[in-house]
Every structure is written in C-alpha cells, then in structure tokens.
Amino acid sequence: MSAGKNTAAPTGGNDSHKPSNFIKNIIDEDLKNGKNDSRVHTRFPPEPNGYLHIGHAKSICLNFGLAQEYNGLCNLRFDDTNPVKEEDEYVNAIIEDVKWLGFDWQERLYFASDYFEKMYEFAIELIKKGKAYVEDLNAEEIRQYRGTLTKPGKASPSRNRNIAENLDLFERMRKGEFPDGAKVLRAKIDMSSGNMNMRDPVMYRILHASHHRTGDKWAIYPMYDWAHGLEDSIESITHSICTLEFEDHRPLYDWFLDNLEDVHHPRQIEFARLNLTYTVMSKRKLLRLVAEKHVSGWDDPRMPTIAGMRRRGIPPAAIRDFCNRIGVAKADSMVDRAMFDSCIREELNKKAQRVMVVLDPVKVVITNYPEDKVEDLPAENNPEDENAGSRMLPFSREIYIEREDFREEAPKKFFRMVPGREVRLKHAYYVKCTDFVKDETGEITEIHYEYDPATRGGWSDDGRKVKGTLHWVSAMHALDIEVRLYDHLFSKENPDDSRDETDFIEYLNPKSLVALKNCKAEPGLRECKQGERFQFLRKGYFCSDNLDFTAGKPVFNRIVALRDTWKKMQQK
RNA sequence: UGGGGCGUCGCCAAGUUGGCAAGGCACAGGAUUUUGGUUCCUGCAUUCGGAGGUUCGAGUCCUCCCGCCUCAGCCA
C-alpha cells in the first residue's frame, strides 16, 4: 500500500508516457559528472534520399523528446554526403514530415554539405600527422587487401607514402584531376583489427557528380564515418544517437575525433530500430512497393511512411504517444501493430466528432411514420467531450441501416434487428421490425419498421429496455460517399523475415484496400473539407482523403476500426 | 579458436549501490453504457535464455554453456 505521493501526472495526456530508458540513464550520469557544461544537444540526421517512415519517427521523437525533457536543443541536419543519391525533393518532404510530427528545430536546420570545407581542413590535419594517406588501389584491390572477418588485412603499397606527396595528391583529388574511383583518402589505423571498420577506412572518394546544394564545387565527397562525427562535433552535439548497426563504427567515430586537435567530442549511443508487425520498414523494400505499383505511392495510406500515415488520417499525437510507449532499448524487437492501433484509438476517441454513416446500406421503411414528415433530432457530437456540442439530424419515413444489422433469424447473443424485435435507432426512436422483402435471389431489399412516437430521442422512461442501438441515415437526405477500408498491407506478421526465402511481395494482403462506393452519410458531412477526422458511429475512425476528396465526390479513408467484441465473439 | 551487441509474461518494456519481478498492448472474466465504442473493476512471470557458484539473500556479482542480431560499400 503506497502512501499518497501520487503527484498529479495525469495519465490522459498523450505525451505523458515517458518511461525511463538506458539513454536517459547515460545522460543523467553525464549531467551528474558535469559533462558538456550540463548541456543536452541532440540531432536528427536523415539522409535526403528517401521518405521518412515510422521507424524514423521513433528516432525523431527520441531526439527531439530528449532535448525537450532536458531543456536542451535538437537540430535537424541533412546528412547529404552522397550527391548521387540525394535530392531536394526529399529534403522538402522530410522537413514537412518532421514539422507535421510536431517538432521544432527553430533556426537550426543544417546540412553536412555546409561543412565540406571544414572537413577538408581536418583531413589535411590528419594527413600532416601521418594518419591518413592517398590510396592508389582500386575498389576491388582494396577489398582484397582488407582481409576477411577471420583473416587480418595487409598493408597497401600506398600506406607508407610520404606526407608531402599525400598532401599534393589529396589537393589534386579535390581539384578534380583524377577520374572517379582512381584514388581515395584513407585513415591509417590498423589493418589487422578485428573490427573491419578500423582497417584503414576510406575517408574521401572521388565523385564527379553534381550535389543538390554545392553543385559542381567538389570532386571529392566525405564518407559517412569521417563526416558524421565532424558534423556532430561542429554542432556541439552532446549525445549522438543512432541505430544498432553503427555500434561497431563507434571506435572509428571516437578515433577520428581523438586524433584531431581541440575538437568537441560527442558521445555516440546506439539503440534498436523499430520493427512493426504486418509491414516492412527498409527503404529498399518500401521503394519496391512504390516502383512496382503495389501501392499508389509513398503516401499510400497503407504505407508506414509519415506521408502515408498523414494521408491515412493518423494524428501526429498518436504517433508521438506510440513512440513514447514502445520505449527505447538495445534488444531487437518487433512491436505488435495492435499497440499502434490502440494509441490511434485513444487519441481519436477524445477528439473525433461522431457522425453516422451506413457503409453497406439496406432500405428501411417506417410504415407508421407520415409520408412527408421530416423532423430534426439533436445528436451529441462526442460523448467523451462535453464541449463538442451537438448537431441536428433529419429523420424521415425511409432510412438506411447497415445490412449486417438485420437478420431473419437471430444467432445467439445477436441483439440487433430481427423480425418482431424492438431496437433503438440512435438519437431517434425505438422501432420494431414488422416485415421484410426479398428479391428472387434471396437478398433482402427492404425492411419494414414501426416506430413508437413516445420514444423520441431514443429513450423510453416506462422502464422498457432495448438491447441494440443502430446507426441510420435518412434516405432522402443521405450524402453519397466513397469509403476506403484499409487493413494490414501484408497478411504475414513478419514479411521481412530474413530466414524466409519467399519474396516478401508474395505476402501482400489482397484485401488491404477495399473501396465501398455506395455509402450513405448524414447530410452534415456535406460541409466536410479534406483531412478532417471523424468517428463513424459503431464503425471506426475515418478521415477525408487529402487528394481524392472533393465536394462532388467525397472520399473517406478508414484510419482504424473500432474495437469489435461482437466480431470477436463470432470468430470463436 | 575474428570483432561488436542482445536474451525479464504472447508483444513492447522498467528494474537505483544484490533485499525478494513496474507499466502498456494483447488476452480472459465482470460492471456501467442511447456506439457489442468509451470508462471501471478483476485475473494474467513463485520467475528473469540454461547450468553451476558467491551470499542470510541474485534478474541484478562470478564462471561456463546455449540462442539470436550485426560487420568484409569508394552507401548511410
């Protein structure tokens, strides 16, 4: 029994779940030891060669989140050291995505390419110290000399070239005197190291390529290992957070910074990247889905890209909440998509206006309701938010209900409409099914109800109880809309499994997109604009599409379905 | 008989200087409910990859073993 030291900390706030993690422990320790003048300064360093996905969101939330928590700063920095892969289109998309996620780097938008000159100077420093040399061997030869995982490498003939010659050659590399691949600059470290990264790694390669920012100014471009630590150092980063595969690059990260005079030396920390069930996360695979047209583009609502999630209608707050909940650790993991869905529902339950939409309509005639009568019934907009107000709903003799809400004969526990039974039409009346009509194929074409005028608003105070409550839409007022139901992109939990020989494309879920073109919505939805989120009562959360939605042809995407215990019961 | 990591409930994940296993998701019951939604109760690891050892006491320390991930781009 714990004493009442329960400090306010409401659990409702979406950004409030912030479990402890090993990175915070490291930062706490560093702070305690007075490192970095008690500063915390992180960065999110994407390469502008593709679109951001939920895995990047984890890193973004981590880096910006840490900065917020420790009253520090977080930079947005483009790691644009490879001109042949990088484009402005990507930097713009990335900027938009990070902003949309809700983070602010203020004026600290940086580019690695802005540091090329400084990096060049640092390289000269290393050459002068005899710690870097120009290599004549070609790529294939370098590989030969490097050895293997179990065999040490051997020294290249270029390794003991004198400093003056190295300086001269490196300068001529910069001037563009040599063709691509003719030479590289290498760090002189240890050709027999157990860590392959330390076997004289390449620092610069010759690339006569036009860079998206520096144009044709450079003929040589720095490699990641050489560049990244310098970028961090120049920006006075305190904690350089990256993913696990860079763990064995850390000795090199440290070596470069240790062998330069008077440079700030950040601490690199590695964490496990995010994997999510029923999707793939690698840039290569995502690119293939787009290139082979398995999806409509990078922003297809089924894609795990930020752009895709935005178009799907997933609120940024839900993504942030998710990233906080999954935590940060070093163990490889695969997070259940259900956890993400839960975060999305939690956010939307509080915020989304309720609206009635019949996805699979069947006509109902209320036989004792006057032919030409129409009445407006009030309906609350969100029972979870008393400030959400209410709206008026037109009710008339003919309405639509969901086909699945009627059965000729009731299975066990089915408490929707069956002949003879009384149910409630949400916000309207109690109705009793008196009859139904079938066509020659046996399909039900029309259902007859009788309503009880005394139950206006959907309530009776005579103690009478109804078990079921159905959503409906007045036929003559209904707005025709298209609804796109999205489901997992893949039908296999881990389509990415490296031990599986099957091409991941084979696991694509054929039902990941089901378009319903004949849905009936309450008339208020006529006022809807692009990108608005709703709860379609009893069905799920939906968002008007950002691209295909027009007033003449309203299109809604299903963000996520509501929890459905009835469906669950049936499946058992 | 190369280097670097990781292994706590079905899935994530906390576990201060060893003191006797948080929380979330999922799942299962039940209550409330004009959404079979929400909310609310309740249950859900005598056990921390395994085996030994140190200790009054170990998920936390030591030893050995097992499993998984990762590195041989002039990609990041």
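Residue numbers start from 1 in every chain, and the chains themselves are labelled A, B, ... in the order their sequence lines are given, proteins ahead of strands.
- Taking the P atoms as reference points, B/G53 lies 31 Å from B/A14, given to the whole Å.
- Searching all strands for a Watson-Crick or G-U wobble partner of B/A22 with both distances below 3.5 Å returns nothing.
- Straight-line distance from the NZ atom of A/Lys567 to the C1' atom of B/A26: 16 Å, rounded to whole Å.
- Scanning both residues, A/Arg391 and A/Glu380, for their nearest heavy atoms gives NH1-O, 3.2 Å.
- Closest to the side chain of A/Ala338, out of B/A26, B/U35, B/G7, is B/A26.
- Annotation: A/Lys432, atom NZ; neighbour count of heavy atoms from other residues, nucleotides and ligands within 6.0 Å does not exceed 12.
- You'll find that the side chain of A/Thr150 is closest to B/G2, out of B/C69, B/G2, B/G36.
- If you take CZ of A/Phe322 and C1' of B/G23, they are 16 Å apart, rounded to a whole angstrom.
- Nucleotide B/C68: paired with B/G5 (Watson-Crick or G-U wobble, both distances less than 3.5 Å).
- Taking atom C1' on both nucleotides, B/C44 is separated from B/A28 by 8 Å, rounded to a whole Å.
- Rounded to a whole Å, the CZ atom of A/Arg345 is 18 Å from the P atom of B/U35.
- Stacking of A/Arg416 on the aromatic ring of A/Phe406 is not recorded, the 6.0 Å distance cut-off and the 45° axial limit not both being met.
- Taking the ring axis of A/Phe111 as reference, the NZ or CZ atom of A/Arg213 stays within 45° of it and closer than 6.0 Å to the ring centre.
- When rounded to the nearest whole Å, the span between NE2 of A/His427 and C1' of B/G37 equals 13 Å.
- Pairing for B/C27 is with B/G43, a Watson-Crick or G-U wobble pair whose two hydrogen-bonding atom distances lie under 3.5 Å.
- Contact annotation: A/Arg538 reaches the phosphate of B/G36 (side-chain N/O to OP1 or OP2, under 4.0 Å).
- For the residue pair A/Arg424 and A/Thr469, a side-chain donor N or O sits within less than 3.5 Å of a side-chain acceptor on the partner.
- Counting any heavy atom pair closer than 4.0 Å across all strands shown, A/Asn25 reaches sugar-phosphate atoms only and no base atom.
- A salt bridge links A/Glu231 and A/Arg77; the closest N-O separation between the charged side-chain nitrogens and carboxylate oxygens is under 4.0 Å.
- Side-chain atoms of A/Asn275 never come within 3.5 Å of backbone atoms of A/Val335 as a donor-acceptor pair (strictly under, hydrogens ignored).
- The CZ atom of A/Phe542 sits 18 Å away from the P atom of B/U35 (whole-angstrom rounding).
- A salt bridge links A/Arg464 with A/Glu422: the closest approach of a Lys/Arg side-chain nitrogen to an acidic carboxylate oxygen falls below 4.0 angstrom.
- Residue A/Thr565 places at least one side-chain N or O closer than 4.0 Å to OP1 or OP2 of B/G37.
- Annotated as syn: B/G73, whose glycosidic dihedral is within 90° of 0.
- Between B/U60 and B/U54, the distance separating the two P atoms is 15 Å to the nearest Å.
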At under 4.0 Å between heavy atoms, which parts of nucleotides 71-76 of chain B does protein reach? Answer with one letter per nucleotide, 5' to 3': B base, S sugar-phosphate only, - none. BBSBSB

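- In this structure, the CG atom of A/Asp332 is 17 Å from the P atom of B/G67, given to the nearest Å.
- With B/C25, B/G37, B/C12 as the candidates, the nucleotide lying closest to the side chain of A/Ser342 is B/C25.
- Residue contacts shown for A/Val328 are limited to sugar-phosphate atoms, with no base heavy atom under 4.0 Å away.
- For the P atom pair drawn from B/A13 and B/G29, the interatomic distance equals 29 Å after rounding to whole Å.
- Residue contacts shown for A/Pro383 include a base, since a base heavy atom lies under 4.0 Å away.
- Heavy-atom distances to RNA chain B give each of A/Ser333 and A/Arg354 a nearest nucleotide, and the one nearer the 5′ end belongs to A/Ser333.
- Distance alone, capped at 3.5 Å, places no donor-acceptor pair between the A/Lys175 side chain and the A/Glu177 backbone.
- Comparing the same atom, P, in B/A26 and in B/G59 gives a spacing of 30 Å after rounding to whole Å.
- Residue A/Lys330 is in sugar-phosphate contact alone, with no base atom involved, counting any heavy-atom pair closer than 4.0 Å across all strands shown.
- At the heavy-atom level, A/Tyr541 lies nowhere under 4.0 Å from the strands shown.
- Look at the C1' atom in both B/G43 and B/C9: the space between them is 13 Å, to the nearest Å.
- Taking the C1' atom of each, B/G57 and B/U17 are spaced 16 Å apart, rounded to whole Å.
- As judged by a 4.0 angstrom heavy-atom cut-off over every strand, A/Tyr221 is placed among residues making no nucleic acid contact.
- Residues A/Phe22 and A/Thr455 both approach RNA chain B. Their nearest nucleotides, taken by heavy-atom distance, put A/Phe22 toward the 5′ side.
- Under 4.0 Å is where a charged nitrogen must lie from a carboxylate oxygen, and between A/Arg159 and A/Glu135 no such pair does.
- Annotation: B/U35 and B/U39 have their C1' atoms spaced 13 Å apart (nearest Å).
- Distance, A/Ile269 CD1 to B/G4 C1': 17 Å, rounded to whole Å.
- In this structure, A/Met334 atom CE and B/G7 atom P are separated by 17 Å, rounded to whole Å.
- At the heavy-atom level, A/Gln535 lies under 4.0 Å from base atoms of the strands shown.
- Under the Watson-Crick or G-U wobble criterion, with both distances below 3.5 Å, B/G52 is paired with B/C62.
- In terms of polar N and O atoms assigned as donor or acceptor, the side chain of A/Glu384 comes within less than 3.5 Å of the base of B/G37 in a complementary pairing.
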